[in-house]
Number of protein chains: 2
Amino acid sequence: MEDNAKPSGTDVPTLADVAVAAGVSTATVSRCLNSPDRVTQKTLKIVMDAVDRLGYSPNYSARALAAGRTNTIGAIIPTMENAIFARGIQAFQEELQQNGCTLLVASSSYRQDLEEEQIKTLTVRGADALLLIGYQRDPKVYEFLAKRKIPAVLTWVSDPDSDHLSVGFNNRQAMKSLAELVLENGHKVIGCITAETSANDRARDRVSGIRDAMKEAGLDPSELLVEETQYSIENGDVAFRKLMAARPRPTAVMCGNDVLAVGALRAASALKLEIPGDVSITGFDDIELASVAPVPLTTVHVPHRRMGQFAAQALMAALNGNAPDNIELPTSICFRETLGKAPAPNKR
Amino acid sequence: MEDNAKPSGTDVPTLADVAVAAGVSTATVSRCLNSPDRVTQKTLKIVMDAVDRLGYSPNYSARALAAGRTNTIGAIIPTMENAIFARGIQAFQEELQQNGCTLLVASSSYRQDLEEEQIKTLTVRGADALLLIGYQRDPKVYEFLAKRKIPAVLTWVSDPDSDHLSVGFNNRQAMKSLAELVLENGHKVIGCITAETSANDRARDRVSGIRDAMKEAGLDPSELLVEETQYSIENGDVAFRKLMAARPRPTAVMCGNDVLAVGALRAASALKLEIPGDVSITGFDDIELASVAPVPLTTVHVPHRRMGQFAAQALMAALNGNAPDNIELPTSICFRETLGKAPAPNKR
DNA sequence: AGCCAAAATGTAAGCGCTTACATTTTATAT
DNA sequence: ATATAAAATGTAAGCGCTTACATTTTGGCT
């Protein structure tokens, strides 16, 4: 029993199989799939019927090899374990999908060396473009990307001066606005709990924002009490206790994100401190967590979903040869209940 | 000015370039890269030097096309916006990376139709294997995967009866254990807040677990008050209020996950109900959030990270032609402060 | 009907890699 | 030294697709 015909066993049909089935050339099938307007209605139908009948779907490796594009976008985020990134990336992904692209995610654990490695990995894997968080990295990385002609969009930051494409927000300004509000409430001794500023430009900018506001208010920015730690509730708790042990004791503690702030809130509760009666606390990000806190958190709202969406759009534009503009999204302050007037000195 | 030599412009070196540079054939270079032990130490060195010198890195599309493998694993999760999945997937990814594989993540928004679509997409994109959440899906999906010879591991569930590979835990048993604890505390009227059970087998199993325990304790399982909703703090809040309006009013509310439980806790606080004095509340998952709750949450601890890790190992094994065993990871109960004795009838 | 540009389709050459098979080199035993 | 098996390397044929270029078909004119 000869079986010289295509071994219709279990294996996946190829473009050539479709071409045979439809009685056209492979080029025509390819065109039907990729630019349907370059073929007749009639052939399109014949080919598409064959496609359906055989259950054909293109082999992306082959397509990528032949076309020189993978339609895959890479994203490198500090961690997946944080709702903030998750939400923005989710929106990014949804937008990409609309454009026929797939997302490849890697995480760097907030480590610059790992991030560089991941950038290499993703480009080698064929990412056509990249989403990166923050702007701080070795210039060589940008050179590498430029040389390979791989567009990258920087997010979670806004960097209008630079010519790197960015879609994000102004961390410094956002935090400054919040700090102004704190100062207006009469606070003079301010504490701050932040992520490690050496490897995290967003964190650094936020701290700078506080200092900016202090300076403008006539306070000495060097008197800002800073606790650096990694983002976690537990660490926020510990850092808050340290700040409360300082003399003079801060009457307001501004946290680098909501997670730290929730930790601070927990510590405050354990220390029997009234919020905001005894101490005011602020956050950053406005995640859902903020609303469960024993006292609703005053924080900075960041439009994560829109950021992800716009970032995707910018990248698609860059991939199509356009030069998209940088986008700086506005943030806003969520004034809730953890920020209040500084306690009168005697009350302390 | 002729430039017949390789246009050493900006473009990326290929395997052939390396072969020329090293004075060997492309096959040898390929072997150096993929099975170094099939090559002399000497040639290996020569070739690797050339690789370094040229900054060569392989083109994955070409490799995938030629080898028929992409070294890419797909994962489809209900949502990225939930720390639970994030953590398990993160561990999964780390383990994959150790094995030279890349993760492709897609999300299904808890919708079965979207999940099927994503499965198609990912396999078409060349995923060599898949991580899926839960076991409930159209049998055709499994047939499709089997036909394409794509190994899949089911996680977040344990399904020893079935012959589908799974690495997870027993939702029903875990919730039953917790329910037993609730019953031992004298609760007779139980409420339950769960994700929609029609499309979520984990949620369904958990509810069944509660009923199992009720039955064994001589209670009528049909009296379990069930509120179905989507996972979110807000929804947990709303559902809890509904349950509190029921008569007889539940003295214990078991939630399908910690997020719902935190919402319930918030509502309880707003309703001026003492926890656990007036009502007991339980969660599931043991996420960090549980520890910030105004009252530390009694919940089920799930070893997410280990689950992710083992799932990756199982998949790698399957890819190497082995038949890995199903793994059922033990869960444990975190007894904290939201579960207490049922209030005496007069106290209500 | 006959001409011609435009539209549709076909032909075939790769894209960069892996791998079966052929050939050469090396090591081992006589 | 010589024969022989084993190890190392080379040769070249694809993997399934896209796309420049060549060829054929179509349809609007005169």
Side-chain angles (χ1 to χ4, degrees), chain A residues 6-7 9 11-48 50-51 54-72 100 123-126 128 148-149, chain B residues 6-7 9 11-48 50-51 54-72 100 123-126 128 148-149:
Chain A
K6 75 199 80 146
D11 42 30
V12 183
T14 71
L15 218 194
D17 295 334
V18 176
V20 170
V24 299
S25 73
T26 60
T28 300
V29 177
S30 178
R31 278 189 284 258
C32 286
L33 263 24
N34 298 311
S35 34
D37 34 314
R38 293 178 76 293
V39 297
T40 323
Q41 282 297 316
K42 208 180 64 181
T43 34
L44 183 61
K45 181 166 180 348
I46 295 175
V47 169
M48 284 323 202
V51 165
L54 299 185
Y56 168 79
S57 50
N59 176 320
Y60 278 72
S61 302
R63 177 178 278 192
L65 178 57
R69 287 178 293 98
T70 60
N71 288 318
T72 295
T123 54
V124 158
R125 290 268 172 188
D128 289 337
R148 296 249 177 163
K149 301 223 193 337
Chain B
K6 75 200 86 154
D11 43 29
V12 183
T14 71
L15 218 194
D17 295 335
V18 176
V20 170
V24 300
S25 74
T26 59
T28 299
V29 177
S30 178
R31 278 189 283 258
C32 287
L33 263 25
N34 298 311
S35 34
D37 34 316
R38 293 182 53 353
V39 125
T40 321
Q41 282 297 318
K42 208 180 66 184
T43 36
L44 183 62
K45 181 166 179 349
I46 296 175
V47 169
M48 285 322 206
V51 165
L54 299 185
Y56 168 79
S57 50
N59 176 321
Y60 276 72
S61 301
R63 176 178 281 194
L65 178 57
R69 285 179 295 98
T70 59
N71 288 318
T72 295
T123 53
V124 158
R125 291 268 173 189
D128 290 337
R148 296 248 179 167
K149 300 222 193 342

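Below, read A as the first sequence line, B as the second, and so on, with proteins coming before strands; counting in each chain starts at 1.
For A:S61 (side chain) and B:A64 (main-chain N/O), no donor-acceptor pair under 3.5 Å exists by modelled atom type.
The stretch residues 23-37 of chain B touches DNA chain D through B:V24, B:S25, B:T26, B:A27, B:T28, B:R31, each having a heavy atom under 4.0 angstrom from the strand. Of the residues in residues 55-62 of chain A, those lying under 4.0 Å from DNA chain D by heavy-atom distance are A:Y56, A:P58, A:N59, A:A62.
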Assess whether side chain to side chain contact (heavy atoms under 4.5 Å, CB included) is satisfied between A:L33 and A:S30, documenting all intermediate values. CA-CA 5 Å; A:L33 263 24; A:S30 178; 5.8 Å; no
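Here the shortest heavy-atom pairing between B:V124 and A:Y60 reads CG1-CE1, 2.8 Å. Between B:N34 and B:P36, the shortest heavy-atom distance links the atoms C-CD, 3.7 Å. Of all the heavy atoms in A:V39 and A:T43, the pair that sits closest is CB-OG1, 3.9 Å. Between B:T26 and B:A19, the closest heavy-atom pair is N-CB, 3.8 Å. Here the closest heavy-atom approach between residue A:G100 and residue B:R125 is recorded as O-NH2, 3.1 Å. Shown here for A:L15 and A:Y56, the closest heavy-atom pair between the two residues is N-CE1, 3.3 Å.
In terms of the side-chain hydrogen bond (donor to acceptor under 3.5 Å, both in side chains) criterion, B:T72 has no residue partners (sequence neighbours excluded). Remark: A:T40 pairs with no residue by the side-chain hydrogen bond (donor to acceptor under 3.5 Å, both in side chains) rule, at least two apart or across chains.
Among A:V12, A:T14, A:D17, the single residue meeting the side-chain contact (heavy atoms from CB on, under 4.5 Å) criterion with A:L54 is A:D17.
Residues A:K42 and B:L44 both approach DNA chain D. Their nearest nucleotides, taken by heavy-atom distance, put B:L44 toward the 5′ side.
Side-chain contact check for A:V47 versus A:V24: some heavy-atom pair is nearer than 4.5 Å.
Comparing the helix axis at one end of the helix from C:dA1-D:dT30 to C:dT30-D:dA1 with that at the other, each defined from 5 consecutive pairs, gives an inter-axis angle of 30° (nearest 10°).
Chain B approaches DNA chain D within less than 4.0 angstrom (heavy atoms of the protein), and the contacting nucleotides run 5' to 3' from D:dA8 to D:dG16.
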